[in-house]
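A quick write-up on the structure given underneath.
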Protein chains: 2
Amino acid sequence: MTAPERRERERQALRAKILQAARDLFLAHGIEAVTMRKIADAVEYTPPVLYAHFADKSALLTALCEEDLTLFHAALQRAARRADPVERIRRMGKHYVDFALEHPHHYRLLFMTPFPEEQIAAKAAQVEEGTTQGQSSYALLRDAVAECIATGRFEKHHKDAERVAQVLWGAVHGVVSLWILHARNPEIEWRAPRATAFELVDAALDGLCIGAAATSRTSS
Amino acid sequence: MTAPERRERERQALRAKILQAARDLFLAHGIEAVTMRKIADAVEYTPPVLYAHFADKSALLTALCEEDLTLFHAALQRAARRADPVERIRRMGKHYVDFALEHPHHYRLLFMTPFPEEQIAAKAAQVEEGTTQGQSSYALLRDAVAECIATGRFEKHHKDAERVAQVLWGAVHGVVSLWILHARNPEIEWRAPRATAFELVDAALDGLCIGAAATSRTSS
DNA sequence: AAGATATGCTAACGCCGTTAGATGTCCGAA
DNA sequence: TTCGGACATCTAACGGCGTTAGCATATCTT
């Protein structure tokens with residue numbers, strides 16, 4: 001155990017501690033409570049120390065996102081273990097909604113917050129050189145849609161897998177994000193968002209599929 | 001023309017000028033550029049002056065929202081002049097999407113930004129005492145849905161007008177808000193959001209309506 | 001002309017993200 | 001064993017933010 005090794009270990013430990021503190025603040029009081037100064041307070045260091053581990057606040061939040069995105073992707077992947085592509089889509093929708101409603105703060109951070117410019121540039125570079133891992137959650141959905149199209153499960157005029165995937169993503173995202181932002185608006189008699197989202201997914205799949213009447217409705 | 005009258009007029013003129021400056025900043029550089037100090041600069045006053053016209057920044061933004069909400073509501077109302085309730089829903093969806101895509105900044109402010117607590121409390125009070133105008137855009141949609149249900153246009157298991165209205169709102173909101181936030185993510189081959197949204201509305205209506213195959217598809 | 005009222009300003013407070021520069025502390029080599 | 005450099009950490013500050021207090025000044029009313 002050389003000294004540089006130990007130092008590196010301590011470095012990583014502090015980095016993890018910082019991320020955890022940020023996560024705690026975030027979960028307890030929402031994104032607006034996540035402040036470089038408060039994170040520093042929580043780990044009992046002064047603010048500049050954070051900049052030895054993260055280029056800036058946006059990089060710190062990105063690191064947080066990536067951890068949660070991995071979790072999210074894993075949940076979706078478990079849901080995608082179905083042979084029938086239509087049922088696969090339905091189950092992915094269900095798990096998507098459940099993740100969003102169980103972790104609304106994370107969902108807001110992941111999908112309802114504008115990307116920092118830097119991240120976009122980084123990703124564009126990855127895509128350019130083909131390094132993109134291609135195993136994104138979106139790809140799971142798009143592939144299921146493509147399978148539906150290839151095996152003739154959809155009405156013939158729905159033939160663009162990317163577009164239909166975006167249709168379905170939009171469906172679940174719309175219901176949960178409306179709920180997360182506007183649930184407290186008392187002008188509207190909100191229904192339980194889980195049921196609402198399922199109803200939309202079911203209706204959309206009914207509309208997409210050949211032979212109308214739904215195969216297996218989302219029950220729970 | 002008494003002097004107090006003139007002063008009041010000047011007061012309102014300055015108020016309008018402030019709002020316009022805020023709107024200009026907002027349209028030119030997005031919400032994060034709308035700063036009390038920058039607004040003050042634009043109208044050639046010092047920042048404290050703004051507080052003689054608006055309680056705080058959130059009240060100023062709310063005033064801006066309300067103007068745009070009126071515009072939005074008017075656009076939707078024009079679209080709702082259709083006898084057939086299903087076609088009415090389809091047209092409202094179309095105009096909703098067009099508004100969102102033509103004014104993405106406004107859409108972000110109106111529907112993709114968390115409400116300040118104060119506003120929620122104010123609305124709750126209105127609802128409590130029954131002062132709510134009931135002519136909200138959401139009500140337009142819900143009433144069209146209720147008409148569909150009452151006249152037996154929907155499958156019998158879709159019987160909750162509130163829920164179905166929330167399903168349809170979620171559909172259009174999902175597609176346009178995903179696009180507005182994530183269009184620049186190069187990992188995804190984005191399709192034109194207008195067509196995507198129309199496809200979702202059509203599919204959902206196909207799924208909701210009795211007698212499957214769409215009546216009149218959204219063409220343009 | 002004098003007093004009241006409204007208008008606008010300067011200056012400041014306490015937050016924020018971030019950076020520069022000083023200080024100390026430990027490690028490896030002479 | 002002591003010296004020099006690398007590293008960790010701190011204090012202090014900059015410029016921005018929303019917001020408020022207190023003062024000057026201009027304008028109306030009597």
Side-chain angles (χ1 to χ4, degrees), chain A residues 1-19 21-23 25-26 28-65 109 113-119, chain B residues 1-19 21-23 25-26 28-65 109 113-119:
Chain A
M1 167 182 102
T2 76
E5 274 173 6
R6 197 216 49 212
R7 266 202 307 231
E8 179 57 21
R9 241 183 307 122
E10 285 172 357
R11 225 188 112 73
Q12 291 306 319
L14 179 49
R15 189 191 138 99
K17 207 174 159 191
I18 290 169
L19 276 178
R23 189 189 309 278
L25 277 169
F26 175 53
H29 308 106
I31 188 71
E32 60 279 358
V34 182
T35 281
M36 296 303 263
R37 286 172 148 95
K38 284 187 193 157
I39 299 170
D41 266 12
V43 295
E44 298 180 299
Y45 282 86
T46 51
V49 170
L50 307 193
Y51 292 86
H53 297 266
F54 302 93
D56 53 20
K57 184 182 181 180
S58 144
L60 197 160
L61 290 179
T62 299
L64 219 55
C65 270
L109 185 55
T113 304
F115 273 56
E117 205 59 38
E118 153 223 285
Q119 244 184 96
Chain B
M1 168 182 104
T2 75
E5 274 174 4
R6 198 215 49 211
R7 264 201 308 229
E8 180 57 20
R9 241 183 308 122
E10 285 172 357
R11 223 188 113 72
Q12 291 306 319
L14 178 51
R15 190 191 138 98
K17 207 173 160 193
I18 290 170
L19 276 178
R23 190 189 308 278
L25 277 168
F26 175 52
H29 307 105
I31 188 70
E32 60 279 0
V34 183
T35 280
M36 295 303 263
R37 287 173 148 95
K38 283 187 195 157
I39 299 171
D41 266 12
V43 294
E44 299 180 300
Y45 282 86
T46 51
V49 171
L50 306 193
Y51 292 84
H53 297 265
F54 302 94
D56 53 20
K57 184 182 181 179
S58 143
L60 197 159
L61 290 179
T62 299
L64 218 55
C65 271
L109 185 55
T113 305
F115 273 55
E117 205 59 38
E118 152 223 284
Q119 245 184 97

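Numbered from 1 within each chain, the chains take letters A, B, ... in sequence-line order.
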Against the side chain of Met36(B), the closest entry in dT9(D), dG18(D), dT7(C) is dG18(D)
For the base of dG17(C), is there a side-chain donor-acceptor partner from Arg37(A) under 3.5 Å away?
-> yes
Ala63(B) and Phe54(B) have their tightest heavy-atom pair at CB-CE2, 3.9 Å
From the candidates dT19(D), dA8(D), dG17(C), the one with an atom nearest any side-chain atom of Tyr51(B) is dT19(D)
Output for pair (Arg37(A) CZ, Thr46(A) OG1), nearest 0.5 Å, gives 11.0 Å
Taken to the nearest whole Å, CZ/Phe54(A) to P/dG17(C) is 14 Å
Closest to the side chain of Leu14(A), out of dG17(C), dG18(D), dT9(D), is dT9(D)
From NE2 of His53(B) across to C1' of dG8(C) the rounded distance in Å is 10 Å
Atom CD of Glu44(A) and atom C1' of dC10(D) are separated, to the nearest Å, by 15 Å
| message | With a sphere of 6.0 Å drawn around CD of Glu44(A), does it hold more than 12 non-hydrogen atoms of other residues, nucleotides or ligands? | response | no
Glu10(B) atom CD is separated from dA6(C) atom C1', nearest whole Å, by 12 Å
Of the candidates dT9(D), dT19(D), dG8(C), the side chain of Tyr45(B) sits closest to dG8(C)
Atom CZ of Arg9(A) and atom P of dA8(D) are separated, to the nearest Å, by 14 Å
On DNA chain D, more 5' by nearest nucleotide between Lys57(B) and Pro48(A) is Pro48(A)
Tightest non-hydrogen contact, residues Arg11(B) and Ala52(B), listed as NH2-O, 2.9 Å
Lys38(A) NZ to dG17(C) P, in whole Å, measures 9 Å
Residues Val34(B) and Lys57(B): closest non-hydrogen pair is O-NZ, 2.9 Å
Taken to the nearest whole Å, CD/Glu32(B) to P/dG18(D) is 13 Å
Need one value for Thr46(B): base, sugar-phosphate or nothing, where a base atom within 4.0 Å counts as base even if backbone is also close, heavy atoms only.
base
When rounded to whole Å, the CG to P distance for the pair Leu60(A) and dC16(C) reads 15 Å
